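Note that the coordinates shown come from a computational prediction; the quantities given were computed from them, not determined experimentally.
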Amino acid sequence: MTCRVNGNGNFTAAHAVDSNTVLIPIAFGPFTSTFTDSAGATTTSVDPGIAKGNSIPRNGKIQDCEYSVSFTFPDGSRFSGSGSVTGFIPGH
């Protein structure tokens with residue numbers, strides 16, 4: 001499932017690109033990111049995982065997903081990151 005997030009909160013719901021399915025996140029695993037400046041120097045960091053608390057639904061299908069992001073800045077520097085998310089699909 002390919003999803004898009006319209007928002008920037010920690011637990012913003014994601015919408016499946018090819019359907020009306022919504023994934024509501026309840027926990028994120030560690031996020032590993034790498035920044036490479038235009039001279040080639042690299043910095044890597046790992047942010048710890050976070051959980052929303054007691055939010056496991058009674059009637060939702062639990063889904064584990066992996067995600068990644070990458071982009072290049074106009075000056076040639078690059079950013080990439082990846083992590084995992086656990087969420088549920090309401091009504092399944």
Side-chain contact, heavy-atom cut-off 4.5 Å: I50 with F11?
yes
Single-linkage hydrophobic cluster, 4.5 Å side-chain cutoff, F31 and V46 together
no
Nearest heavy-atom approach of C65 to L23 is SG-CD2, 4.0 Å
Do the non-hydrogen side-chain atoms of P90 and I24 ever get within less than 4.5 Å of each other?
yes
Begin with the C-alpha distance, continue with both residues' side-chain angles, and end with the deciding distance and a verdict on side chain to side chain donor-acceptor pair (under 3.5 Å) for S77 and D37.
CA-CA 4 Å; S77 57; D37 67 21; over 6 Å; no
Taking the six-membered ring for Trp, are F35 and F79 closer than 6.0 Å centroid to centroid?
no
When rounded to the nearest 0.5 angstrom, what is the spacing between CZ in R78 and OG1 in T36?
4.5 Å
Using a distance-only test with no angle check, is there a side-chain donor-acceptor pair under 3.5 angstrom linking S80 and T34?
no
Looking at every heavy atom in both I62 and F88, which two are closest together, and how far apart are they?
CD1-CB, 4.1 Å
